[in-house]
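To start, the structure itself, in structure tokens.
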Amino acid sequence: MKFNTKTIHGGQEHDPAYGSVMPPIYQTSTYAQSTPGGHKGYEYSRTHNPTRNALEKSFASIENGNYGLAFGSGLAAIDAVIKLLQPGDEVVSTNDLYGGTYRLFTKIYEDFGIKFHFIGMENANKIEEYITPDTKLIWVETPTNPMMNVIDVKAVSKIAQKNNVLLAVDNTFATPYLQQPLDLGADIVMHSATKYLGGHSDVVMGALVVRDKDLADKLYFIQNASGAVCGPQDSFLVLRGIKTLHIRMQRHCENGRAVAEYLASHPKIEKVYWPGFESHPNHEVAKSQMNDFGGMVSFTTKGNNYDEAIKIVENLKIFTLAESLGGVESLAGHPASMTHASIPKEEREKTGVVDSLIRLSVGIEDEEDLIEDLKQAIG
Ligand code: P1T
């Protein structure tokens with residue numbers, strides 16, 4: 001099955017009870033048993049729920065994996081991955097990543113004795129310098145949030161395999177429409193399904209997909225034992241969202257390109273971060289591992305003035321000033337004061353998250369309206 005068919009049919013069966021084409025929302029916490037253990041495969045909805053299972057199969061299908069897991073948020077999915085580790089273990093992570101992921105790693109898991117090394121991974125060979133006998137996981141976000149750096153997943157996976165270390169890739173920005181990290185050698189794919197997979201800014205959810213049965217069993221154990229699962233209504237909404245992922249992504253990419261090119265031509269703009277530009281330092285890697293360049297675009301203004309950046313995001317009328325990304329509607333954010341405020345100023349500035357940086361999640365509205373909006377807001 002090809003990708004565009006998988007988004008609609010991947011892992012899905014018509015409901016056995018009445019043949020409903022969409023899986024029913026099994027809004028139940030528990031299931032009747034005829035005798036202790038005498039049930040139809042479902043005991044309790046933290047462990048299994050038919051609507052969630054349908055979604056988990058869809059996750060596995062679109063990411064070319066064998067096992068999918070759905071969680072109550074993207075961070076809950078990341079949390080489950082880190083729970084594979086033990087005190088004393090080490091993780092090598094991209095240094096430019098979602099602020100909440102950084103906060104989870106440094107403010108929760110460092111206290112449990114896990115050591116994190118945050119490094120730029122644009123040159124994958126640099127990772128080896130940080131690998132010790134205690135390294136158990138490499139954590140990659142690509143493209144990174146919000147600087148749009150692109151990491152060569154195939155090159156990183158070779159290093160991971162050579163050193164017997166798990167490789168997890170946060171595929172939230174790209175989605176499987178643009179890149180499929182398991183095919184590039186990753187062991188775990190993670191999503192904030194809140195974003196493009198859901199696609200309509202109406203759900204908070206996380207996803208993991210793996211191929212290996214042992215790894216899947218460990219993660220299913222953690223999912224059930226820790227309990228950060230999503231509910232059946234939200235599972236239904238994301239399953240519905242995935243059915244249009246390919247056509248939404250196509251338009252996100254077209255509009256992303258138009259917005260990036262417009263911004264690059266604007267005299268007040270200092271720099272535009274979008275991997276589709278030939279001048280982007282990782283453009284060749286992006287071209288080889290992604291099918292297109294996505295709808296996320298970040299930029300800075302000349303003079304790097306905090307107040308000016310705030311004024312621009314306040315002036316926007318079609319772009320909504322809001323956290324999050326990946327919905328049909330365009331959103332704008334100011335990472336330094338919003339999504340990445342939990343990263344200390346000197347740390348975030350090292351990766352380029354400066355005061356004037358604005359991040360756009362370019363939606364699927366009419367391209368001309370989006371450009372007009374940016375024109376009037378930037379002035
Ligand atoms: O918000 P949640 O569903 O828990 O997902 C966390 C997360 C993980 N990984 C990436 C790359 C993300 O972008 C996010 C969430 N990001 C935002 C809310 C944001 O505005 O960047």
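Read the numbers this way: they start at 1 and go in the same order the structure lists the ligands and their atoms. Just the heavy atoms: all of them, side chains too, but no hydrogens, waters or symmetry mates, feed the values below. Remember, it's a predicted structure, so these values are computed and weren't measured experimentally.
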When you check the gap from the basic side-chain N to the acidic O, do [X] and [Y] get nearer than 4.0 Å?
X	Y	value
Lys83	Asp79	yes
Lys350	Glu347	yes
Asp307	Lys311	no
Asp183	Arg211	yes
Glu254	Arg251	yes

Query raised in the report: Between Gly74 and ligand 1, does any nitrogen or oxygen pair lie at a separation below 3.5 Å?
Result: yes
Query raised in the report: Going by distance only, is there an N or O of Ile78 that falls short of 3.5 Å from an N or O of ligand 1?
Result: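 Checking ligand 1 against Ile78, no N or O pair falls under 3.5 Å apart.
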Go through ligand 1 atom by atom and flag the ones less than 4.0 Å from a non-hydrogen atom of [X].
X	answer
Asp170	8 (C), 9 (N), 10 (C), 11 (C)
Thr339	19 (C), 20 (O), 21 (O)
Glu141	11 (C)

Residue, atom name and distance, where the atom is the protein heavy atom closest to [atom]:
atom	value
atom 3 (O) of ligand 1	Thr194 OG1, 2.6 Å
atom 17 (C) of ligand 1	Tyr98 CE1, 3.3 Å
atom 13 (O) of ligand 1	Asn145 ND2, 3.0 Å
atom 21 (O) of ligand 1	Arg359 NH1, 2.7 Å
atom 5 (O) of ligand 1	Ser192 OG, 3.0 Å

Query - Joint hydrophobic cluster, Val204 plus Tyr98, side-chain heavy atoms closer than 4.5 Å - result: no
Ligand 1-proximal atoms of [X], by part, heavy-atom distance under 4.0 Å:
X	answer
Met205	backbone
His191	neither
Leu325	side chain

Query raised in the report: What do you reckon, does Ser324 put a non-hydrogen atom under 4.0 Å from ligand 1?
Result: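 Yes, Ser324 has heavy atoms under 4.0 Å from ligand 1.
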Report task. Answer with yes or no whether Lys195 contacts ligand 1, where contact means a heavy atom under 4.0 Å from a ligand atom. Result ->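 Yes.
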Query raised in the report: Is the backbone of Pro146 close enough, under 3.5 Å, to the side chain of Thr144 for a donor and an acceptor to pair up by distance?
Result: no
Query raised in the report: Pick from Val209, Thr7, Leu197, Asn291: which one makes a side-chain contact (heavy atoms from CB on, under 4.5 Å) with Pro176?
Result: Leu197
Requested in this report: May I ask you to check whether Phe118 and Tyr102 place their ring centres under 6.0 Å from each other?
Outcome: yes
Query raised in the report: Does Glu365 reach the side chain of Glu329, with side-chain heavy atoms less than 4.5 Å apart?
Result: yes
